> 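Pasting a structure below so you can have a look.
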4 protein chains.
Amino acid sequence: MGDISKKDRIITAALKLFSENGYHKTTVSQIANQAEVAKGTVYWYFDSKKELFQAIILTGIQRLASKIENRIKEEDDIIEKIKLIVMIYLEFFDKGRQYFRMFQEGMLAVIDDNFKNKLMDFRTKQAEFIAKIIEQGKKEEKIRLDVDSKDMAYLLLTMLTSFNSHLHYDNDFNIISKKDTIINIFLQGISR
Amino acid sequence: MGDISKKDRIITAALKLFSENGYHKTTVSQIANQAEVAKGTVYWYFDSKKELFQAIILTGIQRLASKIENRIKEEDDIIEKIKLIVMIYLEFFDKGRQYFRMFQEGMLAVIDDNFKNKLMDFRTKQAEFIAKIIEQGKKEEKIRLDVDSKDMAYLLLTMLTSFNSHLHYDNDFNIISKKDTIINIFLQGISR
Amino acid sequence: MGDISKKDRIITAALKLFSENGYHKTTVSQIANQAEVAKGTVYWYFDSKKELFQAIILTGIQRLASKIENRIKEEDDIIEKIKLIVMIYLEFFDKGRQYFRMFQEGMLAVIDDNFKNKLMDFRTKQAEFIAKIIEQGKKEEKIRLDVDSKDMAYLLLTMLTSFNSHLHYDNDFNIISKKDTIINIFLQGISR
Amino acid sequence: MGDISKKDRIITAALKLFSENGYHKTTVSQIANQAEVAKGTVYWYFDSKKELFQAIILTGIQRLASKIENRIKEEDDIIEKIKLIVMIYLEFFDKGRQYFRMFQEGMLAVIDDNFKNKLMDFRTKQAEFIAKIIEQGKKEEKIRLDVDSKDMAYLLLTMLTSFNSHLHYDNDFNIISKKDTIINIFLQGISR
DNA sequence: CATGAATGAGACTTCATTCAT
DNA sequence: CATGAATGAAGTCTCATTCAT
């Protein structure tokens, strides 16, 4: 049938509810309701609430990663590449505000070694990806040489992933509207 | 007696447990146990688990604020003042790693309008405090004039408060050891 | 299976315990125990202890109502109809002594607008039902005309529903054994 | 001092709160607050919440009894005496609506053999008191002889004490406004 | 695959009562 | 007499998870 699979309906429902109300305030019943499946069905596709949550996080992160890699190819200039990364992250956070809100709240409840490793893997790959770009920038003499590329990459990544933190509590601080200031300051900071 | 008051014992115990295990995994029974008081005693001093949590957050924030204001007075040079702010924040996060871990996880469960307002008040005051310093830096021609002081202040504040976010999940990324890089990049970014 | 449904077992258990020990002294655990179901099962069928109580009251009231309406049809004589109503009520109270004991004790804890309305509806319908009979009695010149039918109906209803009040505290006063006296006095009072 | 004694303040506060919110919803803390004494003070004057409640009930009942006995003396005519009793009861209930609401709700929580006996004593005395009046009415040939005086007395008493039951749940049924109907029906019923 | 009734451990909270001061 | 901090038993309710159908 042209029906959306029940598994997909569950994921969509869970994403909506987790991000609106957080991991702890969301119950499996609510998810099942919203997805219009029986509670047991949720457990057919996912071993536990925790695993469902982890799956959603991982999916989101992978989407972000591939979006960045695809769009970055189309740009040649190193500085523009960095601008692009910053923008994609910021946009992603802005659109996925709720998405990352849930990330922070649920993490502690959900984390285990296996999941931690997956996150670290992703992070490491992202950092290496950015570090290569910065390295290239150094070769092109557009970025100053006195800072370690990997350090810079991690710093940028940390800044970006963490910027989102306060979006939730601080509605007045609109990151997107300030994105030029952010890019401006960061770039001036790393440029020769 | 030289005894520590029971209220203090409760706060200490709660801080320890909340920060080690998060808001949701910590039970009021555990707190009472750890503090060596009866469960009811917790409720004599705090109306609810939520209120206890809020009280701890607020106390921590206020301590940070007064530490900054006191130490900043002793420094004259504008650039050094900014460096100091960055350092105090980073040190605070590093020492209070657990402290802020609990902050993020518990927030969603605990937030209400009253509490939100208190947090906003704190943030606004901090931003104004930093903005004044930057303004002074502009007068002294040490900081570029083309960016709004308040924007810059908020940006710095957001960067700082949010940097802490990933400390928890990313044990390899030691912020303190990178603090010079951070300060360096930020300052080059905002200097003329 | 010939099994009684768990919901019914819960209701039966609750009725027994509420009426024996009152609303407040009865715990949900006791009810679950008595019904031989898990505590959670009680909450699967009823949202709260309060709602379970309300359901039981309402069920009882409805049974009384339909019993009266069915039996009254079989009787033609107006005076006999009234006698019958009085008797059914008194019998109901006597058999359901405990039933109404619980009614009084739990009421204050359980009452809310919605529930109040349901009770009022029932009462209004009963009064109208009785008023019609009295009205008919007037036409047949068996009942005196100088008292309002509805007033009389309400008075009878109030007398009847409230007679039960003191059964609990006054074991010596056996209503059933006095029912002829009661009917006698009431009827002679309202007869021409 | 011209001060009202603390004991009296406690009783007044308890009466107010018990009758407004019922026995179970009233806490000892609330009573202490309302009376402006410390919680411990309540326990200096009363061994328990239960005993405080019993004391209040007993006081109220005694007041009703003496009011009736005093006023009845002033009336000579037997029929008028009975009317008076009915009226005093109904008025008492009407004024003390809340008072008796609390009576019903708290009773089950508070009853013990000792207390039960005290209530029975009161009831017996009241019944005997009324029975004597009826007996006198028989002698004066104003009341029919075919019903036992004590039965009649108990019936009247039960009717009266129980009429109050539904005042609480049925605000539309104003007993006082119907008191003539009640007296009328009762009296005509028992008169020759 | 799918359902949803059933489970039960455990969480938060209340509050009558006590007792050292 | 009076206080109020402290106690802890007990109660209501939630919800992730299971399993017979």
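Note that this is a predicted model, so its numbers are computed, not measured. Lettering of chains follows the sequences in order, A, B, ..., and the numbering in each one begins at 1.
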> Is the shortest heavy-atom distance from the side chain of Thr59(D) to the side chain of Arg63(D) under 4.5 Å?
yes
> When you measure from the side chain of Gln54(B) to the backbone N and O of Lys50(B), does any donor-acceptor pair fall under 3.5 Å?
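Not at all, since once roles are kept as given, no pair shorter than 3.5 Å links the two residues.
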> Rounding to an integer number of Å, can you tell me how far Phe46(D) CZ sits from dA16(E) P?
15 Å
> Between atom NZ in Lys25(B) and atom P in dA16(F), what is the gap in whole Å?
14 Å
> Please report, rounded to the nearest Å, how far the C1' atom of dC15(E) is from the CG atom of Asp47(B).
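Distance check: Asp47(B) CG to dC15(E) C1' gives 14 Å.
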> Quantified in whole Å, what is the C1' atom distance between nucleotide dT21(F) and nucleotide dC1(E)?
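The answer is 13 Å between these two C1' atoms.
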> Just to be sure I understand the geometry, which residues of residues 27-37 of chain C put a non-hydrogen atom under 4.0 Å away from DNA chain F?
Thr27(C), Val28(C)
> Tyr45(A) versus Leu52(A): any side-chain heavy-atom pair under 4.5 Å?
no
> Does Phe18(B) have Lys25(B) sitting over its ring (NZ/CZ under 6.0 Å from centre, angle to axis within 45°)?
no
> Provide, to the nearest angstrom, the distance between the CZ atom belonging to Phe18(A) and the C1' atom belonging to dA16(F).
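These atoms are roughly 12 Å apart.
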> For the pair made of CG in Leu52(B) and C1' in dA11(E), what is the distance, rounded to whole Å?
15 Å
> Any idea which of dC13(F), dA2(E), dT7(E) is nearest the Tyr45(A) side chain?
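Looking only at heavy atoms from C-beta outward on Tyr45(A), the closest nucleotide is dA2(E).
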> Kindly assign one of parallel, tilted or perpendicular to the pair Phe53(B) and Tyr23(B), based on the angle between their ring planes and the thresholds 30° and 60°.
perpendicular
> What is the distance from CD1 of Ile10(B) to P of dT7(F), rounded to the nearest Å?
8 Å
> Taking the cut-offs as 6.0 angstrom to the six-membered ring centre and 45 degrees off its axis, would you call Lys49(B) and Tyr43(B) a cation-pi pair?
no
> Keeping Thr26(B) on the side-chain end and Leu17(B) on the backbone end, is there a donor-acceptor pair under 3.5 Å?
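Yes; at least one donor-acceptor contact below 3.5 Å.
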> Rounded to the nearest angstrom, tell me the gap between atom CZ in Phe53(A) and atom P in dA16(F).
13 Å
> Output a table of donor-acceptor pairs, distance under 3.5 Å, between side-chain atoms of residues 27-42 of chain D and any protein atom two or more places apart or on a different chain; print 'none' if there are none.
residue: Thr27(D); atom: OG1; partner: Gln30(D); partner atom: N; Å: 3.1
residue: Ser29(D); atom: OG; partner: Lys39(D); partner atom: NZ; Å: 3.2
residue: Thr41(D); atom: OG1; partner: Ala38(D); partner atom: O; Å: 3.4

> Reading 5' to 3' and counting Watson-Crick or G-U wobble pairs with both distances under 3.5 Å, write the dot-bracket notation for DNA chain F, | for bases paired outside the strand.
.||||||||||||||||||||
> OP1 or OP2 of dA16(E) less than 4.0 angstrom from a side-chain nitrogen or oxygen of Ser48(D), does that happen here?
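Indeed not, no polar side-chain atom of Ser48(D) lies that close.
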> Gly40(C) or Thr26(B): which one's nearest nucleotide on DNA chain E is closer to the 5' end?
Gly40(C)
> Provide, to the nearest angstrom, the distance between the CD atom belonging to Glu51(D) and the C1' atom belonging to dA16(E).
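Going from Glu51(D) (CD) to dA16(E) (C1'), I get 14 Å.
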> How about Phe122(B) and Leu58(B): do any of their side-chain heavy atoms sit closer than 4.5 Å?
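When only atoms from C-beta onward are counted, Leu58(B) and Phe122(B) do not touch, as no gap falls below 4.5 Å.
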> Once rounded to the nearest 0.5 Å, what's the spacing between atom CD1 of Ile61(B) and atom CD1 of Ile56(B)?
12.5 Å
> Does Lys49(A) get its side chain close enough to the base of dT17(F), under 3.5 Å, for a donor-acceptor pair?
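Looking at the base of dT17(F), it does not pair with any donor or acceptor on the side chain of Lys49(A) (distance under 3.5 Å).
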> Can you identify which nucleotide, out of dT14(E), dA16(F), dT7(E), has its nearest atom closest to the Tyr43(A) side chain?
dA16(F)
> Which listed nucleotide (dA2(E), dC1(F), dT17(F)) is nearest to the side chain of Lys6(A)?
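In terms of side-chain proximity for Lys6(A), the closest of dA2(E), dC1(F), dT17(F) is dA2(E).
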> Between dG10(E) and Lys39(C), counting only base atoms on the nucleotide and side-chain atoms on the residue, is there a donor-acceptor pair under 3.5 Å?
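Checked by distance alone, the answer is yes.
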> State whether Trp44(D) places a side-chain N or O below 4.0 Å from either non-bridging phosphate oxygen (OP1 or OP2) of dA2(F).
no
